[in-house]
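The residues of the chain are indexed from 1 along the displayed sequence.
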Amino acid sequence: VNFILFAIISGGIYFKEFETFTLFQAILFVIGVVGVFVGLYYLVPEDDENEDIGMDPKMLQDMARVGEGNEAHGFVPKFDPSRTPRSPTFDDLEAP
């Protein structure tokens, strides 16, 4: 908000736009600036104090149990170096 207000005012001063304002233009200018800030107010997301941004306790318990015999159920992937991807090289390219 401060940056936008500073940019509006400093731009008006630098380009000498305020020197030739009529009363009507000044009133519309102020209404326009207020409109920008009202729009900015509506764009900012609301803080919901009741919203829990943490993880679900059940999910944390399930994550803590990984490795306690859950390998048979497929929760912990086995590391197989022969299946790890490698970066392509020029040898992988086919000649036209």
#### Entry: Minimum heavy-atom distance between Ala7 and Ser10, given as atom pair plus value
O-OG, 3.5 Å
## Note on the structure
When rounded to the nearest 0.5 Å, the distance separating CG of Leu28 from CG of Leu23 is 9.5 Å
### Message
By the definition side-chain contact (heavy atoms from CB on, under 4.5 Å), identify the one residue from Val36, Val38, Ile31 that meets it with Val34.
### Response
Val38
### Task
Tell me, with the steps shown, if Phe6 and Phe3 meet ring-ring contact (aromatic ring centres under 6.0 Å, His included).
CA-CA 5 Å; Phe6 175 76; Phe3 175 76; 7.3 Å; no
### Between CD on residue Gln25 and CZ on residue Phe29, distance to nearest 0.5 Å
11.0 Å
### Task
Determine, using the 4.5 Å side-chain heavy-atom cutoff (strictly less than), whether Phe21 and Ile27 are members of one ILVMFWY cluster.
no
### Message
Quick check: closest heavy atoms across Phe37 and Leu5, and the distance to 0.1 Å?
### Response
CZ-CB, 3.8 Å
